[in-house]
Amino acid sequence: MDNYLDNLNESQREAVVHKDGPMIIIAGAGSGKTRVLTYRIAHLMNKGVDAFNILSLTFTNKAAREMKERIGTVVGTSEAKNLWMGTFHSVFARILRSEGHHLGFPSNFTIYDSQDSVRLITSIIKEMGLDKDVYKAKQILGRISSFKNSLITVKAYYNNPELMEADKMAQRPKIGEIYQQYVDRCFKSGSMDFDDLLLRTNQLLTQFPAVLAKYQDRFKYILVDEYQDTNHSQYLIVRALADRFQNICVVGDDSQSIYAFRGANIQNILNFQKNYDNVKIFKLEQNYRSSNNIVEAANSVIEKNKTKLDKEVWTDNSDGEKIKVMRTINEIKEGRFVADSIFENKMNNQLQNSDFAILYRTNSQSRAIEDALREKNIEYVIFGGLSFYQRKEIKDTLSYLRLLINPNDEEALKRVINYPLRGIGASTVDKLSVAANHYKKSIFEIICNLNKTDINLNAGVRTKLNNFATMIQHFKIEAETKDAYEVADFVVKQTRLVKDLEKDGTPEGVSRVENIQELLNAIKNFTVEQKEKGEDASLAFFLEDAALASDLDKASKDDTPKVSLLTIHLSKGLEFPYVYIVGLEENLFPSAMSMNTRSELEEERRLFYVALTRAEKQAYLCHAQMRYRWGKLVDCEPSRFLEEIDEKYLEHLTLKVAETKQNKFINEDIFGSVPQNKIRFKKPIQRAPIKKKASPKMEFQAPKNLKKVTGKPSASANLFDSNVAVGNRVEHTKFGRGEVLSLEGTGPNQKAEIRFASVGVKKLLLQFAKLKIIS
DNA sequence: AGATCTAGCATTTTT
DNA sequence: TGCTAGATCT
């Protein structure tokens with residue numbers, strides 16, 4: 001414990017021991033940033049700073065948990081427990097629970113996720129009689145969100161002629177009114193959306209000096225990780241809190257700023273020195289993670305960006321293998337290449353699945369990869385994507401739970417008031433909603449006070465509404481004495497959510513039941529863990545945790561090692577020995593939507609930089625010549641990022657003949673031509689909850705002795721396909737040796753462009769050209 | 001009120 | 001292409 005400083009290099013140690021005043025640590029990829037942060041906090045505590053006075057803001061709750069554990073090993077677990085650590089959202093949600101009353105919010109306020117927000121905006125647009133094609137709910141929410149991130153309240157909006165003019169020009173002059181409605185409705189429902197957690201905190205700190213003073217006093221030392229991805233709202237919160245003691249330490253890497261699309265402002269990190277006085281700058285430039293080839297290759301790419309801070313990332317590590325580049329015909333072959341390669345690497349190098357990660361730009365790319373991994377019987381986990389918590393049955397179940405914590409939660413109420421069906425239809429809900437707006441009460445309050453309103457409902461409906469309200473209140477009472485799991489279990493049984501689904505008997509129904517079961521398990525785990533730690537095991541706290549946990553947080557640490565599949569965004573902060581980056585094609589990565597401005601493109605490039613620097617030993621870059629996108633087959637150009645890497649770090653791969661043949665047999669002859677089986681692979685009955693895994697059982701169900709079937713196999717698999725692949729060295733009877741540059745067409749029409757040493761580039765019909773593949 | 005059908009969106013990334 | 005919310009029918 002005493003010599004923890006010995007584990008640090010010179011610059012790391014300086015950053016750890018420098019105690020007071022504003023400081024910025026510019027930390028290159030893999031430079032031991034987390035280590036510095038944890039040791040720094042531990043060091044502060046060793047120097048007598050009370051854990052209660054340290055606030056540390058991280059990007060995910062998982063990161064916070066892990067850091068806490070590591071600090072605990074240095075200073076003792078019980079002391080480390082007292083640290084304030086977590087994401088901006090979760091830390092300030094907690095503060096708002098106790099201080100929100102200043103702003104008129106109850107302590108049990110609900111946190112709306114984006115789905116709730118979109119639904120609320122949709123109904124507002126409808127109620128206002130606006131054209132939903134002009135006022136697209138999602139876009140409106142995006143606009144409102146960007147207002148909130150910049151601290152533009154409704155009032156500020158109306159005081160800003162430029163914003164209003166812009167909306168008018170865009171034919172959407174009513175945005176201000178929608179915004180106003182949205183804010184009012186959230187308030188009435190006792191709800192905050194994600195942006196509110198930051199905006200309301202800002203309001204709290206600016207409007208209530210006593211509250212500000214209290215937290216300024218409490219947080220004598222503030223540390224912010226991933227500072228490059230903070231938005232304006234977050235910047236202001238940090239600034240306000242640090243204003244008194246000025247002990248603010250921010251850590252980040254401008255080269256890894258990838259969240260501009262949700263309001264992150266790279267200027268926060270670029271201007272830190274201007275925003276605070278007497279800033280001390282520390283730079284961590286030695287990379288301990290990756291091979292020299294990877295570090296240098298990544299540097300050669302990021303150099304192309306104009307906006308960046310001055311730093312030089314280097315490593316002592318050996319060169320390692322070159323980065324492998326693989327071009328395939330389509331996304332199916334891309335998936336198979338990755339699966340085969342992982343298989344081979346595992347065999348040759350004694351590795352396990354958890355040594356591999358597959359990164360992609362968009363979630364939709366995971367499908368082809370999943371198929372290939374399943375075919376090869378390789379277990380995998382997917383992070384992100386359609387989150388477990390977004391599924392209908394889960395949201396429905398959670399809505400009941402939310403409602404008993406906060407009956408005014410309008411979005412939750414609307415979801416379940418007639419689910420399972422209890423004869424309270426749309427027209428009734430509309431009437432209630434109108435009354436609620438009129439009396440400025442929540443729908444639930446209206447239901448509880450039907451007699452005091454002039455609402456026109458028949459006796460039958462009134463009874464049903466009363467029963468509903470009674471049920472919820474009954475749940476509420478149960479919740480007072482039970483832990484989160486007991487309540488949830490009780491509610492699921494009472495509402496017959498599961499029983500109804502079980503009756504329906506369809507595969508979807510079965511999967512939904514399983515998902516609800518999985519949710520109950522998760523709540524059970526949560527309850528047990530919290531109790532073990534001696535922490536809050538209430539339902540309210542579970543709901544908050546569920547609302548603010550990132551997808552990474554939700555992944556269960558478990559048993560068998562698995563290959564990780566995730567978007568590059570989610571991969572920030574992680575590292576893997578072997579990394580496959582797939583879909584390196586123009587319009588996909590860089591994304592077609594991010595090529596309009598230099599700054600957007602630079603963000604894409606930073607994203608690529610992040611992807612590449614996740615790799616420790618080996619990186620593979622894959623791209624396909626064609627791929628299905630939104631149902632259409634699209635030709636794909638290789639990504640510009642491939643060309644931006646200095647060629648000397650790259651090696652272009654070719655498929656080996658034997659491999660190709662073997663794959664054809666396993667993948668196409670057996671499975672490809674049996675549609676029923678194919679369907680099972682494509683769409684696992686259950687896109688598994690929380691943790692996803694390849695299910696080995698499904699793997700070899702197709703009879704092994706299935707005869708070779710003629711007829712058209714799946715989309716791209718073609719019996720005529722030649723074994724020739726791009727990058728192959730081939731020998732032609734007339735032209736001699738050459739290299740395959742590209743392939744086009746399929747089946748008998750497949751052509752190859754080949755560069756021969758003797759005659760230059762030739763295009764040949766493979767059907768006729770007798771080629772011998774050399775390598 | 002409930003069941004069935006259909007059009008339109010989505011595929012850029014997420015707390 | 002596959003899903004969902006809203007529209008339309010019974």
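The chains referred to below are lettered A, B, ... by the order of the sequence lines, with proteins before strands, and numbering in each begins at 1.
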Counting the atoms with a prime plus P, OP1 and OP2 as sugar-phosphate, which does [X] contact under 4.0 Å by heavy atoms, base, sugar-phosphate, or nothing?
X: A:K136; result: sugar-phosphate
X: A:S90; result: nothing
X: A:L421; result: sugar-phosphate
X: A:T362; result: sugar-phosphate
X: A:A426; result: sugar-phosphate
X: A:R119; result: sugar-phosphate
X: A:Y259; result: sugar-phosphate

- Return the value, rounded to whole Å, for the distance between atom CZ of A:R627 and atom P of B:dA10.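 Going from CZ in A:R627 over to P in B:dA10 covers 20 Å.
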- A:K414 NZ to C:dG6 P: how many Å, rounded?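 That distance rounds to 11 Å.
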Any side-chain N or O of [X] less than 4.0 Å from the OP1 or OP2 oxygen of [N]?
X: A:N363; N: B:dT14; value: yes
X: A:T567; N: B:dT14; value: yes
X: A:N418; N: B:dG2; value: yes

- Nearest of B:dT13, B:dA1, B:dC9 to any side-chain atom of A:S427?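 When the side chain of A:S427 is considered, B:dA1 is the closest of B:dT13, B:dA1, B:dC9.
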- Message: When you measure from the centre of the six-membered ring of A:Y259, is the NZ or CZ of A:K572 closer than 6.0 Å and no more than 45° off the axis?
- Response: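 Pair A:K572/A:Y259 does not count as cation-pi.
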- Message: Under 5.5 Å centre to centre and under 30° between planes: does that hold for A:F88 and the six-membered base ring of B:dT15?
- Response: no
- Task: May I ask you to verify whether the side chain of A:R361 and the base of B:dT11 hold a donor-acceptor pair under 3.5 Å?
- Result: no
- Task: Could you say whether A:N587 or A:I424 is positioned toward the 5' end of DNA chain B, judged by the nucleotide with the nearest heavy atom to each?
- Result: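 Between the two, 5'-proximity favours A:I424.
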